[in-house]
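Everything below concerns the one structure shown next.
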Amino acid sequence: MDSLLGTCSLTALRQRRSHKWRAYPPDVLPAFVAEMDFDLAEPIIAAVTSALGIGDCGYAHMGELPGAFAQFAAQRLGWTVEPSRVFAIPDVMTGLAEVVQARTPEGSGIVVNPPVYPPFRFQFGFYGRRLIDAPLARGADGRYALDPDAIEAALSEPGAAAYLLCSPHNPTGNVWSPADLAMVADACQRHGAMLLVDEIHAPLVLDGARFTPFLAIDHELTQAETTFAFTSATKGWNIAGLKCGLAVAAAPAGITLLEQRWDALLASHLGVLASVAAFTEGLPWLDAVLGQLDENRKLLTGLLAERLPAVGYTPPQASFLAWLDCRDLGLGDDPAAVFLDKGRVALGHGPDFGAEGHGFARLNMGTSPELLEEVVRLPAARSMSRVSSICPRC
């Protein structure tokens with residue numbers, strides 16, 4: 001591993017007090033939540049410790065953040081962003097919830113593409129909204145795709161007011177093409193639906209895929225007051241605990257909405273400083289992560305083929321999450337529960353991602369090759385006695 005990322009020593013990792021390392025007993029190896037194991041980027045450490053050293057822990061000011069993100073977007077995403085349209089928010093989910101609450105009536109339907117990020121499935125219910133599923137289509141090769149017919153049907157349902165697109169997609173790791181984005185935009189335009197795009201995993205697009213920001217495509221909705229994009233440095237640089245995301249408004253009316261809700265959307269000051277450091281000085285570290293994740297997704301292919309050949313796996317095009325099809329193992333709707341009980345490895349529970357996640361599990365591969373091997377070895381060694389009687393190939 002690149003020295004910028006550290007060693008991912010399990011002894012050192014178990015000293016951490018984040019949710020990943022405190023949710024389960026010490027004998028469980030956690031690979032469930034979207035939190036990487038690598039050391040932080042030095043510029044981020046310097047920015048935060050410098051602020052702490054002078055007692056700079058007040059309320060956040062966006063400061064250089066809009067310009068820093070615009071610079072990163074131009075350099076890495078091929079996207080020209082007007083800094084005046086960029087706003088700091090506590091996190092992507094809070095930004096989404098506030099915009100939905102402001103722009104849709106209570107009882108409205110929000111279209112999503114399951115299997116999909118679990119908080120989408122419950123967060124909007126707190127605000128009196130409901131989800132309308134437009135499931136992804138799954139090919140024989142295990143690769144997922146947006147389903148135009150499912151999207152059209154979902155947006156045609158009474159009360160469908162918004163479409164929430166996860167791009168890149170969590171948990172499948174899909175990177176949507178410009179044609180995919182245009183198809184979604186056309187559908188929303190036909191039905192008069194608000195379009196919200198969660199691009200939090202955009203900094204982590206891996207070799208061989210090309211990410212297109214929605215607001216960079218040639219379409220009328222990229223200038224609409226009902227269109228917003230959301231992103232963050234938190235996934236790319238592993239700083240979720242510092243609480244800072246970004247909302248980008250497509251039109252002046254969207255800018256006004258975000259300005260009016262500034263109090264509800266107040267980010268962490270340390271998160272703002274860390275995000276500026278990430279976007280401006282953290283690119284060498286990000287490149288090291290991308291190289292390691294590319295290596296890890298290939299390593300996982302070999303590990304599964306050797307130890308759990310009945311598990312279906314299509315390497316993700318982005319990020320550090322592997323979506324595993326465990327249905328042939330015969331472990332029921334929630335194979336992660338069996339892996340936890342018998343193998344003492346914690347994976348993401350497939351059913352949390354919707355009905356389309358039954359029989360699946362999500363594995364976090366944002367770690368060292370050695371720990372990734374352990375994540376696969378433990379359930380293969382400890383829990384496969386039950387599986388082998390059902391699936392001789394295992």
Side-chain angles (χ1 to χ4, degrees), residues 19 33-36 60 62 65-66 68-69 72-73 77 79 81 85-104 110-114 116-127 129 131 162-176 181 184 194-205 211 213-215 226-250 254 257-258 261-262 264-268 270-272 274-276 278-279 318-321 348 352-353 362 366:
H19 177 63
V33 72
E35 174 185 325
M36 295 186 286
M62 283 197 296
L65 182 58
F69 175 71
F72 172 78
L77 306 178
W79 177 21
V81 182
R85 297 190 176 190
V86 179
F87 289 80
I89 57 177
D91 52 67
V92 167
M93 274 308 310
T94 300
L96 286 166
E98 285 295 321
V99 172
V100 164
Q101 189 176 28
R103 284 290 176 84
T104 66
I110 314 297
V111 176
V112 295
N113 303 116
V116 76
Y117 180 54
F120 289 176
R121 305 213 67 84
F122 63 81
Q123 185 83 18
F124 296 110
F126 298 150
Y127 298 89
R129 276 65 174 178
L131 288 190
Y163 185 115
L164 172 50
L165 178 67
C166 194
S167 175
H169 189 268
N170 175 6
T172 68
N174 276 75
V175 174
W176 308 123
L181 301 178
V184 168
M194 171 187 289
L195 180 54
L196 309 170
V197 189
D198 173 0
E199 298 181 343
I200 196 170
H201 290 275
L204 293 172
V205 171
F211 174 74
F214 177 79
L215 292 178
T226 55
T227 301
F228 295 82
F230 299 85
T231 190
S232 178
T234 56
K235 287 294 184 286
W237 284 268
N238 204 40
I239 52 174
L242 293 179
K243 302 302 286 183
C244 180
L246 294 163
V248 185
L257 183 153
L258 294 171
R261 291 183 168 251
W262 71 269
L265 294 173
L266 195 61
S268 157
L270 295 180
V272 169
S275 297
V276 171
F279 289 132
S319 203
F320 49 88
L321 304 171
D352 290 349
F353 296 81
R362 192 186 74 174

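Quantities reported herein were computed from a predicted structural model and do not represent experimental measurements.
You'll find the side chain of T234 stays beyond 4.5 Å of the side chain of V92, heavy atoms only. Side-chain contact between F228 and L258 is present, with at least one heavy-atom pair separated by less than 4.5 Å. Between F87 and L265, every side-chain heavy-atom pair lies at or beyond the 4.5 Å cut-off. Side-chain atoms of Q123 and L96, non-hydrogen and from C-beta on, never get closer than 4.5 Å to each other. Two residues are said to be in side-chain contact when any heavy atoms from C-beta on lie closer than 4.5 Å; V99 and L257 meet this criterion. You'll find the side chain of F69 reaches within 4.5 Å of the side chain of V248, heavy atoms only. A 4.5 Å side-chain heavy-atom check between R121 and L131 finds at least one atom pair inside the cut-off.
Contact detail for P118 and F353: the closest heavy-atom pair is CD-CE2, 3.3 Å. The minimum heavy-atom distance linking S232 with P203 is given by the pair O-CG, 4.2 Å. Minimum heavy-atom separation, D198 to I200: OD1-N, 3.1 Å. Among all heavy-atom pairs drawn from W79 and E199, the shortest one is CZ3-OE1, 4.1 Å. Scanning all heavy atoms of the two residues, the minimum distance from A60 to A267 falls at CB-O, 3.3 Å. Closest heavy-atom contact between P171 and R362: CB-CD, 3.7 Å.
With hydrogens and angles disregarded, a donor-acceptor distance shorter than 3.5 Å links the side chain of H169 to the backbone of N113.
Note that the CD atom of Q101 and the CZ atom of F126 stand 13.0 Å from one another [nearest 0.5 Å]. With values rounded to the nearest 0.5 angstrom, F230 atom CZ is found 10.5 Å from L246 atom CG. One finds the CG atom of N238 at 6.5 Å from the CZ atom of F320 (value rounded to the nearest 0.5 Å). K235 contributes atom NZ, which lies 9.0 Å from atom CD of E35 (distance to the nearest 0.5 angstrom). Expressed to the nearest 0.5 Å, how far CG of L181 lies from CG of L165 amounts to 6.5 Å.
Between Y117 and F120, the ring planes are perpendicular. Angles over 60° get that label, and only those under 30° would be called parallel. Between F279 and F72, the ring-plane angle classifies as tilted under the 30° and 60° cut-offs.
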Residue pair W237, S275: steps toward the side chain to side chain contact (heavy atoms under 4.5 Å, CB included) verdict: CA-CA 9 Å; W237 284 268; S275 297; over 6 Å; no
Candidate pair I89 and T94, rule side chain to side chain contact (heavy atoms under 4.5 Å, CB included), full reasoning: CA-CA 7 Å; I89 57 177; T94 300; over 6 Å; no
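Every residue meeting the side chain to side chain contact (heavy atoms under 4.5 Å, CB included) condition with A274, not counting sequence neighbours, appears here in chain and number order: I44, V48, I239, L242.
Each of T231, L321, V175 was compared with H201 under the side chain to side chain contact (heavy atoms under 4.5 Å, CB included) criterion, and only L321 meets it.
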